[in-house]
Amino acid sequence: MRNYLTYLSLLFICTIFSCQKHNPEGPDGLYSEGGIISFSTSVNTKAPIITEMNGRHFGVYGYAFSNLTNWNTYKTSATPNLFYRLDVLCDGANGVCSYSVDTDTDINGKEQWELNKRYAFFAYYPYSVNYVVPSDNTQIDNPYIDYSLPFVSGARNIDPDVLQDIMTSKVIDYSPVQGTEVRFEFDHRLFCIELYGHNFNAEDIKISDLTMTVSGIHYNKAKIYMDSSVPTVPTSGVLNNVQFAIQPNEQTLKSGADATSMSGDKNIVLIPQNSSASGAVGLTVQIDFKKDGVSVDPRGETFYVDFIPGRKYRLTLNFIGEDVVMVVGDPAPWDSKDVNHTFN
């Protein structure tokens, strides 16, 4: 969680394609026959923490087809014929992305531009975690991810530290004659809950052993298509008393201070609600904690909110006397400073 949230709200851009052999640049800087498809990035300075991309990997599917057709027509019979789960390493510090030629992922060595072709590329992040399973090389049409919440050892517990956001991107109907740069713009496919505390009492209070348990008609498995215009499709399993360990250590909420983050980097990432449901679907949240070292009765609330992908929802615990009032705020970009963090 500490690593992923810095780029959780980004729509970052990866430019591909440099020239390496057969004099790939033709007149006016356009690609000519034989230029090798490669990856490079530079970083937009709007992104506040660019080094978090160092050493990060994302996957790419690639398709090449006749320039006499388009992707929407071709995809009805398309399987990956250029790249398949290609492992791309991104270095956010100096703008270099790279991959190794591999006959399993770089299919038949077809990594060179052809001017009589059009191209479609689909990217996904993260590249290699056990709860993200990309579609195989027999998948016809848009590729997808099978995603499941990473429960700990088969239990109903989830370690927030291992959760990462799921992002996908597409570039379709691309032709080399369009220029030397193709860009991926990644979209968030999940939503996030962050936990805040606000002390309205005259004295400071100390909170520890904080856990959050969620239940509701929100699925724990989903098929996420890399064509971002296609919604996430929940497949199975509803949330039922799924517990997240938020903050075991003691934290002081100052009297009269503004609301303070209680979850730190341990924010909760969940699959958007069933898109076939009419209206908002209830999400029940229970908070367990100790106050000034003493266990208190759990606090619970059901929120009827239309949780949507790519947004962060602030859940605030308002401590008023012996009461705790929970409120969910309006959705905000993952990073409230700038939703349009880009890598271009």
Side-chain angles (χ1 to χ4, degrees), residues 1-2 5 149-152 155-163 190-220 237-274 277 279-308 311-332 334 336:
M1 296 293 290
R2 181 169 293 105
L5 281 175
L149 288 173
F151 293 110
V152 177
R156 304 302 296 175
N157 301 331
I158 294 178
D159 180 359
D161 283 331
V162 306
L163 279 175
L190 308 178
F191 73 92
C192 178
I193 296 176
E194 58 177 351
L195 200 60
Y196 271 68
H198 198 174
N199 180 15
F200 287 90
N201 298 306
E203 304 292 334
D204 297 348
I205 59 176
K206 298 181 186 295
I207 303 298
S208 61
D209 297 320
L210 181 64
T211 64
M212 185 170 82
T213 304
V214 296
S215 300
I217 311 176
H218 286 253
Y219 288 75
N220 59 47
V238 298
L239 301 179
N240 182 20
N241 294 325
V242 178
Q243 186 178 93
F244 299 85
I246 303 296
Q247 181 57 269
N249 299 322
E250 187 174 82
Q251 181 176 5
T252 299
L253 297 180
K254 294 289 187 180
S255 172
D258 292 337
T260 302
S261 173
M262 301 184 71
S263 50
D265 293 330
K266 297 177 183 289
N267 295 300
I268 308 306
V269 179
L270 296 172
I271 297 169
Q273 65 194 48
N274 187 352
V281 173
L283 181 68
T284 299
V285 178
Q286 177 179 302
I287 303 296
D288 293 82
F289 60 93
K290 290 181 179 179
K291 179 182 175 183
D292 295 327
V294 179
S295 296
V296 300
D297 292 336
R299 301 306 203 268
E301 190 74 47
T302 298
F303 299 99
Y304 292 91
V305 176
D306 187 13
F307 294 103
I308 57 177
R311 290 294 182 266
K312 176 182 283 188
Y313 296 81
R314 178 182 290 191
L315 172 60
T316 302
L317 307 181
N318 296 295
F319 294 86
I320 307 171
E322 296 302 317
D323 291 332
V324 180
V325 179
M326 293 195 291
V327 177
V328 171
D330 293 332
W334 230 296
S336 58

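Using a 4.5 Å heavy-atom threshold, the side chains of V285 and V214 count as touching. In this structure, the side chains of I193 and L283 come closer than 4.5 Å at one or more pairs of heavy atoms. When side chains are defined from C-beta on, M212 counts as touching L315, because their heavy atoms get closer than 4.5 Å.
Side-chain atoms of H198 come within 3.5 Å of backbone atoms of A257 as a donor-acceptor pair (strictly under, hydrogens ignored). Looking only at distances, a side-chain donor or acceptor of S255 sits under 3.5 Å from a matching main-chain atom of N201. Between the side chain of Q251 and the backbone N or O of S261 there is at least one donor-acceptor pair closer than 3.5 Å.
Qualifying salt bridge (Lys or Arg N to Asp or Glu O under 4.0 Å) partners for K206, counting only residues two or more places apart in sequence or in other chains: none. Residues passing the side-chain hydrogen bond (donor to acceptor under 3.5 Å, both in side chains) test with S263, sequence neighbours excluded: N267. Legend: residues meeting side-chain hydrogen bond (donor to acceptor under 3.5 Å, both in side chains) with T284, ordered by chain and number and at least two apart, are T302. D204 pairs by the salt bridge (Lys or Arg N to Asp or Glu O under 4.0 Å) definition with K254, not counting sequence neighbours. Under the rule for a side-chain hydrogen bond (donor to acceptor under 3.5 Å, both in side chains), N318 has no partner lying at least two apart in sequence or in another chain. Looking at residues two or more places apart in sequence or on another chain, you find a ring-ring contact (aromatic ring centres under 6.0 Å, His included) between F319 and F289. In this structure, Y313 has no side-chain hydrogen bond (donor to acceptor under 3.5 Å, both in side chains) partners at least two apart in sequence or on a different chain.
Note on residues 192-202: pairs passing salt bridge (charged side-chain N to carboxylate O under 4.0 Å, His left out), not counting sequence neighbours, are E194-K312, E194-R314.
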CA sep, side-chain torsions, deciding dist, call: F307, L270, side chain to side chain contact (heavy atoms under 4.5 Å, CB included)
CA-CA 9 Å; F307 294 103; L270 296 172; over 6 Å; no
